[in-house]
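Inspection log for the structure reproduced underneath, given as structure tokens.
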Amino acid sequence: MSRIAPTFAALKAQNKTGLVTFITAGDPGPEMTVPLMHALVAGGADVLELGVPFSDPMAEGPVIQRACERALKFNIGLGDVFNYVREFRKTNQHTPVVLMGYANPIERIGPDAFIRASTEAGADGAIVVDYPPEECEEFAAAMRANDLDLIFLLAPTSTPARIAQVARVGSGFSYYVSLKGVTGAGTIDTDDVARRVAAIREHVKLPIGVGFGIRDAATAKAVAAVADAVVIGSRIIQELENTPKEQAVEAVRSFVSGIRAALDSKT
């Protein structure tokens, strides 16, 4: 199995909420990706999402769109992302790494090649925003056969049929998008999140992570009351945008450390 299930099992045994953090590979510079991955772990992240830069990231708000644009100026592609994971694994063998992106780069090299490269690099799974769960059962099965998890998004508008399909084909964890819209937009209604997560749990037995709008420790702590993990991305990218490069790694570690402390104080 991938590292994801054991990670969530350990968190549950400790009565802890997971912290899933996102950065875009290659942003703000290619040399910073691996140091930032280690900084996220040092700050208390349990699972890393590493964004594959894409020219048309339709689920992303302006913050992550800008991160993709910066990375693409360095010509960062899927091969570079695998290299970052490989480098990270030289000194970290335990933290799960999930590649997050869109179908085009995978289709370009082919799903089988993607699975082989992910396994060789040391990745644990993928979130492919525009792969409908109804149309990729074969890919999901191939991922599982290679100890990789295919993680699906669920939204406030997801129907019971869609939720049930995600329960059938998804693995690792399920990612509940708490807002109608793109990443980093709006604020979370935690009461609504609680209701919808409860409804999802009627079908989905995987851990549930909640993201798209968690920007501070207070919101993270509120979401932690109903979720198995909180997911933070845009706010970390903003930290990178607002900090000089030479201070960025420590700034990210410090920010994530604050979120971790809030999650650990939830009780």
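Owing to the predicted nature of the structure, the values given are computational and were not obtained by experimental measurement. Scope of the values below: all heavy atoms of this structure, side chains included, with no hydrogens, waters or symmetry mates.
- Evaluation of the salt bridge (charged side-chain N to carboxylate O under 4.0 Å, His left out) test over residues 151-169, restricted to residues two or more places apart or in two chains, returns E134-R162.
- Judged purely by atom type and a 3.5 angstrom limit, E87 has no side-chain atom pairing as donor or acceptor with the backbone of N83.
- In this structure F54 satisfies the ring pair (Phe, Tyr, Trp, His ring centres under 6.0 Å) test together with Y102, sequence neighbours excluded.
- Ring geometry for F173 versus F8: interplanar angle of 30 to 60°, hence tilted.
- The ring-ring contact (aromatic ring centres under 6.0 Å, His included) contacts involving residues 238-261 comprise nothing, where partners must be two or more places apart or lie in separate chains.
- Distance check, rounded to the nearest 0.5 Å: CG of L48 to CG of L99 gives 11.0 Å.
- Between the T190 side chain and the V223 main chain, no donor and acceptor come within less than 3.5 Å of each other.
- For E135, the side chain to side chain contact (heavy atoms under 4.5 Å, CB included) criterion is met by P132, not counting sequence neighbours.
- Residues meeting the ring pair (Phe, Tyr, Trp, His ring centres under 6.0 Å) test with F22, sequence neighbours left out: none.
- Residue pairs that meet the side chain to side chain donor-acceptor pair (under 3.5 Å) test with at least one member in residues 246-262, sequence neighbours left out, are D46-R260, E250-R253, R260-D264.
- Here OG1 of T21 is found 10.0 Å from CG of L50. Values are rounded to the nearest 0.5 Å.
- A donor-acceptor pair is defined here as one N or O able to donate and one able to accept, closer than 3.5 Å; such a pair exists between the side chain of D228 and the backbone of I208.
- Partners of P28 according to the side chain to side chain contact (heavy atoms under 4.5 Å, CB included) rule, which considers only residues two or more places apart in sequence or in another chain, are M32, L36, L240, K245.
- K205 places a side-chain N or O within 3.5 Å of a backbone atom of R201 that can act as its donor or acceptor partner.
- With sequence neighbours excluded, no residue satisfies ring pair (Phe, Tyr, Trp, His ring centres under 6.0 Å) with H203.
- D124 places a side-chain N or O within 3.5 Å of a backbone atom of R3 that can act as its donor or acceptor partner.
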With a 3.5 Å cut-off and sequence neighbours excluded, list the donor-acceptor pairs that the side chains of residues 67-80 form with protein atoms.
unit_1, atom_1, unit_2, atom_2, d
R70, NE, D27, OD1, 2.5
R70, NH1, E241, OE2, 2.9
R70, NH2, D27, OD1, 3.4
R70, NH2, D27, OD2, 3.3
R70, NH2, E241, OE2, 3.4
D80, OD2, G77, N, 2.8

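- Using a distance-only test at 3.5 Å, with no hydrogens or angles considered, a donor-acceptor pair links the side chain of S178 to the main chain of G211.
- Residues satisfying the side chain to side chain contact (heavy atoms under 4.5 Å, CB included) test with A251, not counting sequence neighbours, are E239, T243.
- Here the side chain of E137 pairs no donor or acceptor atom with the backbone of P133 at under 3.5 angstrom.
- For residues 26-51, every residue pair satisfying the ring-ring contact (aromatic ring centres under 6.0 Å, His included) rule, not counting sequence neighbours, is listed here: H38-F88.
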Show the atom names and distances, to 0.1 Å, of all donor-acceptor pairs under 3.5 Å that link a side chain in residues 104-113 to residues at least two apart or in another chain.
unit_1, atom_1, unit_2, atom_2, d
E107, OE2, Y131, OH, 2.4

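- Residue D149 holds its CG atom at 3.5 Å from OG of S2, rounded to the nearest 0.5 Å.
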